[in-house]
Trainee: 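First the structure, which I've put down as structure tokens, then a few questions once you've had a look.
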Amino acid sequence: MQILVVDDSQMMRHYVVRTLQMMGLDFETREAENGRDAITIAKMFHPDLIITDLNMPEMSGQELISKLHGIPGLMNTPVIVMSAVRSQGISEGVLRSGALAYIEKPVSPEALRRSVISIFGDTL
Amino acid sequence: MSGERQAAFLEPAIVQVMETMYFCTPLYCGSASLTGALLGASLPFRELPSLVETNSELSGELRVVMNEELARRMASDFLPADPEDVTHEQMDGTIREFTNIACGAALAKWMPKAEFQFGIPRKMDPEQNNGLSGHCFLVPGGFADEAMPSLSIIFALESDA
């Protein structure tokens with residue numbers, strides 16, 4: 001499995017990767033600091049899953065999802081969005097735009113695990 | 001808003017953030033004026049909330065003052081890396097992310113039904129916090145002097161709701 005982790009915080013990217021490692025998954029990761037870099041990397045890396053922050057400079061997580069919809073080969077890539085903003089309106093908007101899950105920060109290992117399993121289920 | 005009212009939602013918010021992501025439980029030790037060693041050895045950041053589709057008027061900012069030792073330890077745990085190898089940039093990144101998450105957690109505890117968005121944290125001059133009152137937390141391993149608060153939150157947000 002290939003996972004692209006997108007967050008302007010290096011700490012947060014490391015946290016997500018380490019949490020995934022603790023799940024015992026066999027995966028390869030790439031990291032990006034913003035949505036724009038994520039698209040460039042995704043075109044080469046073809047991730048099975050993108051886990052992205054919402055609030056980022058250059059290009060937000062929501063813009064990233066919107067752009068992915070227009071890119072052949074990436075338009076169906078599952079996306080999990082993380083954000084410190086705890087707002088029902090914003091989380092609903094993110095899910096309507098195509099994200100499969102919205103996780104509030106602080107992200108617990110259990111919340112991340114649940115979201116990944118809800119997408120891949122028994123294929124993990 | 002009184003300091004007691006602020007503490008009522010700030011304490012559980014900060015404890016939740018620290019326990020979930022940093023695996024330690026901070027101890028709230030009241031509010032104090034941020035001066036001297038506490039401010040001089042710290043790395044201050046601020047988060048500027050802004051309003052979108054909210055059901056209340058919200059303005060102001062939340063500031064985080066974190067002791068350098070705590071920032072170094074947290075960055076060291078996250079990377080992972082030896083504490084001596086952690087750079088100032090990595091410590092800044094740690095506080096920036098903590099500030100972001102703490103702001104979201106505090107606002108959610110304060111006004112759980114409000115719709116809000118907020119800005120990206122930015123570093124500030126420590127002198128700008130001199131004399132301000134902050135809600136202080138003792139974090140295990142966060143300061144050479146264990147009696148010295150290693151984390152302070154200056155909550156300067158107001159709502160007209």
Side-chain angles (χ1 to χ4, degrees), chain A residues 5-22 29 31-36 51-64 81-97 102-115, chain B residues 13-23 45 47-56 58 62 71-72 74-81 86-87 89-122:
Chain A
V5 180
V6 191
D7 200 303
D8 55 322
S9 164
Q10 181 195 25
M11 301 299 121
M12 199 63 208
R13 296 197 302 271
H14 280 263
Y15 177 80
V16 170
V17 170
R18 285 181 65 193
T19 302
L20 293 168
Q21 285 170 340
M22 286 192 295
T29 56
E31 297 179 20
E33 289 185 18
N34 57 60
R36 187 175 300 169
I51 301 174
T52 181
D53 186 23
L54 183 61
N55 262 358
M56 294 180 289
E58 303 286 336
M59 185 189 290
S60 72
Q62 195 144 10
E63 289 175 279
L64 168 63
V81 172
M82 310 174 292
S83 178
V85 177
R86 302 182 191 190
S87 154
Q88 191 177 350
I90 290 176
S91 63
E92 286 175 354
V94 166
L95 294 173
R96 272 198 306 273
S97 72
Y102 183 92
I103 310 175
E104 294 173 347
K105 292 180 179 179
V107 175
S108 69
E110 180 57 24
L112 187 58
R113 192 183 73 84
R114 273 201 309 268
S115 296
Chain B
I14 299 305
V15 167
Q16 182 201 18
V17 173
M18 295 295 286
E19 286 186 339
T20 304
M21 293 193 71
Y22 303 98
F23 311 113
F45 275 78
E47 175 78 79
L48 303 171
S50 59
L51 195 64
V52 292
E53 297 179 48
T54 180
N55 57 8
S56 60
L58 178 66
L62 177 141
R72 183 179 295 279
M74 285 165 60
S76 162
D77 287 348
F78 259 59
L79 287 172
V86 171
T87 65
E89 186 181 9
Q90 288 166 333
M91 284 190 278
D92 285 353
T94 299
I95 306 174
R96 197 184 303 277
E97 186 62 17
F98 175 82
T99 305
N100 180 42
I101 298 172
C103 189
L107 289 174
K109 296 276 187 196
W110 180 31
M111 297 194 302
K113 292 182 180 175
E115 296 288 324
F116 57 83
Q117 176 63 281
F118 48 83
I120 294 171
R122 63 182 194 218

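The figures that follow rest on heavy atoms only: side chains count, while hydrogens, waters and symmetry mates do not. Just so it is clear: chains get the letters A, B, ... in the order the sequence lines come, proteins before strands, and each one is counted from 1.
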Trainee: Heavy atoms only: give me the nearest B:G93-A:S9 pair and the separation to one decimal.
Mentor: O-OG, 4.3 Å
Trainee: Examine whether an atom of A:R86 lies under 4.5 Å from a heavy atom of chain B, and if so say whether it belongs to the side chain, the backbone or both; otherwise answer neither.
Mentor: both
Trainee: How far apart are the closest heavy atoms of B:T20 and A:P109, and which atoms are they?
Mentor: O-CD, 4.4 Å
Trainee: Which atoms of B:Q90 come close to chain A, meaning under 4.5 Å heavy atom to heavy atom: side chain ones, backbone ones, both, or neither?
Mentor: both
Trainee: Need one label for A:V17: side chain, backbone, both or neither, based on atoms under 4.5 Å from any heavy atom in chain B.
Mentor: neither
Trainee: To the nearest 0.5 Å, what is the distance between CZ on A:R13 and CG on B:L79?
Mentor: 10.5 Å
Trainee: Under the salt bridge (charged side-chain N to carboxylate O under 4.0 Å, His left out) definition, can you give me all pairs with a residue in residues 92-102 of chain B, not counting sequence neighbours?
Mentor: A:K105-B:E97, B:D92-B:K123
Trainee: Do A:R18 and B:P80 touch side chain to side chain, with heavy atoms closer than 4.5 Å?
Mentor: yes
Trainee: Can any side-chain N or O of B:N100 pair as donor or acceptor with the backbone N or O of A:A84 at less than 3.5 Å?
Mentor: no
Trainee: Counting heavy atoms not belonging to A:Q88, are there more than 12 under 6.0 Å from its CD?
Mentor: no
Trainee: Is it the backbone or the side chain of A:D7 that comes under 4.5 Å from a heavy atom of chain B, or both, or neither?
Mentor: side chain
Trainee: Counting heavy atoms not belonging to A:E110, are there more than 12 under 6.0 Å from its CD?
Mentor: yes
Trainee: Between B:I120 and chain A, with a heavy-atom cut-off of 4.5 Å, which part of the residue counts as in contact: side chain, backbone, both or neither?
Mentor: side chain
Trainee: For B:Q16, which atoms come within 4.5 Å of any heavy atom of chain A: side chain, backbone, both, or neither?
Mentor: both
Trainee: With a 4.5 Å heavy-atom cut-off, do B:M74 and A:M11 have their side chains touching?
Mentor: no
